[in-house]
Amino acid sequence: MTTSRETTGTKERQMAAGADGADGADGVAGHGGPAGSGGHRGHGEHRGHGGAGDTGDAPGADRGHRADDAHDAHDERLRRWRLVLGPDGAESTGRALTGQDAARDGALSALYGGGKKPGGRSGTERSAGLGASAPAVARWLGDIRTYFPGPVVQVMQRDAIDRLGLSALLLEPEMLEAVQPDVHLVGTLLSLNKAMPETTRETARAVVRKVVEDLERRLAPRTKATLTGALDRSAVTARPRPGDIDWDRTIRANLKNYLPEHRTVVPERLVGHGRAARSVKKEVILCIDQSGSMAASVVHAAVFGAVLASMRTLSTRLVVFDTAVADLTDQLDDPVDVLFGTQLGGGTDINRALAYCQSRITRPADTVVVLISDLYEGGIRDEMLERAAAMTASGVRFVTLLSLSDEGTPAYDRAHAAALGALGAPAFACTPDLFPEVMAAALERRPLPVPDPGADVPFRPPYPGHQGGL
């Protein structure tokens, strides 16, 4: 009979058991040993099979070694199945856990059932709630950081917050010092921002800053390089330098000068790209939905906003909205301030947000508006679409991103997405790695690199084999 613990926690336990620090972790069928346990037992611990092994006969020794390997593989499979099934699997697998495996099993059972949760509940209780002291949870967080690799720790932290209702404990400094920072944790902290006591705020800011700085180190160099090239190419000149000549456009512009006898084109007029100027060349408005489902997108958008704002040839404005609109442009020099200026949760009024953005456009032909939203509109739908159409007709490059994260395509309003697509603003999910290319294409007024509509943006798991977190 399948227990409630097996149906609600086995998948997550299998994920963790398949990535517990083993060499070549490949789920339950893996052959690697856990970190710190010494991996496979040496061949010398088993007697050879086939008789000839004792006399040095090579074929017999090979058969013995193969038998040893098979025994090790079987034992490893049982070990992992035991970790997957929890304490209820002890009888069916006949496998007892000791040492670090027993500690791993305890940490998994505390979260996914089959033992005591960090707050002391038994594994058969599935109701979520606090019921836990910060020191107990902090110790559990320390245990999982000891026994599991970083990406697995992040998934288990998110599951703990979701399953055990531990969000409120994140308001305590000792808890924040114990967790491993990631984008999802930042989203949770931002949703608790208004309830956060002053004693916790500085610790929370330090956690958010670490995540933001990691993202900036990964994303800023490529973003700046890509967009600098796009801005250079967006300026067309009739007197380009030799290295800046656009030969395709030059040939097309001089086809009338084709000389058949010489099979050549005489380029009377050159077409090329200008060089970047110190003055502002393009304007970018990031319009970000701050409803609770968009938390990861808000974090990435704040980082990209700060990167764009640091480029002298771009004028960047960052606007966040729910049912109200907040312009956070004056805080773009520090994305942490931007994030703490958001208020995750609440309703959505895209129409009001677009009305504000529209009122700030002064050079439509040189402006890119990026709407980041799942398009669930709580405002006036027809007016929202009319504003998008008006901006597009005026020369604004209008881009719609359903998300800006590594989580794949979210749930979204397909009717609104189709309507915006009909206006020339296709709606699609965008990963942080793709965003520089999207912005470069928008600035150059090229077709956007929209992913195949027949497939969602691929989910990039935090480690091989993982099939999903929260």
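We use all heavy atoms of the structure for the numbers below, so side chains are in, but hydrogens, waters and symmetry mates are not.
If you check the side chains of Asp322 and Thr348, you find no donor sitting under 3.5 Å from an acceptor.
With hydrogens and angles disregarded, a donor-acceptor distance shorter than 3.5 Å links the side chain of His416 to the backbone of Leu375.
Within the 4.5 Å cutoff, the side chain of Glu444 has no heavy atoms near those of the Arg397 side chain. Put simply, the side chain of Leu219 reaches to within 4.5 Å of the side chain of Asp433, judged on heavy atoms. Leu443 places a side-chain heavy atom less than 4.5 Å from the side chain of Val368. Side chains of Val319 and Ile288 form no contact here, defined as non-hydrogen atoms less than 4.5 Å apart. Residues His184 and Thr188 fail the side-chain proximity criterion, which asks for heavy atoms closer than 4.5 Å. Side-chain contact between Tyr376 and Ile350: absent, with no pair of heavy atoms (C-beta onward) separated by less than 4.5 Å.
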Do Thr316 and Thr329 pass the side chain to side chain contact (heavy atoms under 4.5 Å, CB included) test, and can you show the C-alpha distance, the side-chain angles, and the key distance before you say yes or no? CA-CA 7 Å; Thr316 303; Thr329 303; over 6 Å; no
Assess whether side chain to side chain contact (heavy atoms under 4.5 Å, CB included) is satisfied between Asp349 and Met384, documenting all intermediate values. CA-CA 9 Å; Asp349 192 337; Met384 174 192 77; over 6 Å; no
Under the side chain to side chain contact (heavy atoms under 4.5 Å, CB included) criterion, do Glu437 and Leu434 qualify, and how do the steps go? CA-CA 6 Å; Glu437 300 298 334; Leu434 180 62; 4.2 Å; yes
Can you list the steps and then say if Asp374 with Ser403 is a side-chain hydrogen bond (donor to acceptor under 3.5 Å, both in side chains)? CA-CA 7 Å; Asp374 54 18; Ser403 67; over 6 Å; no
Working for salt bridge (charged side-chain N to carboxylate O under 4.0 Å, His left out), residues Arg218 and Asp214: CA-CA 6 Å; Arg218 179 167 74 90; Asp214 288 345; over 6 Å; no
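Scanning both residues, Met294 and Leu402, for their nearest heavy atoms gives CE-O, 3.6 Å. Taking both residues in full, the closest heavy atoms of Leu108 and Met156 are given as CD2-CE, 3.8 Å, listed atom of the first, atom of the second, then distance. Between Ile285 and Cys357, the shortest heavy-atom contact is CG2-SG, 3.7 Å. Between Arg104 and Tyr147, the closest heavy-atom pair is NE-O, 3.1 Å.
Under the rule for a side-chain contact (heavy atoms from CB on, under 4.5 Å), the partners of Asp337 that lie at least two apart in sequence or sit in another chain are Arg205, Gln331, Asp334.
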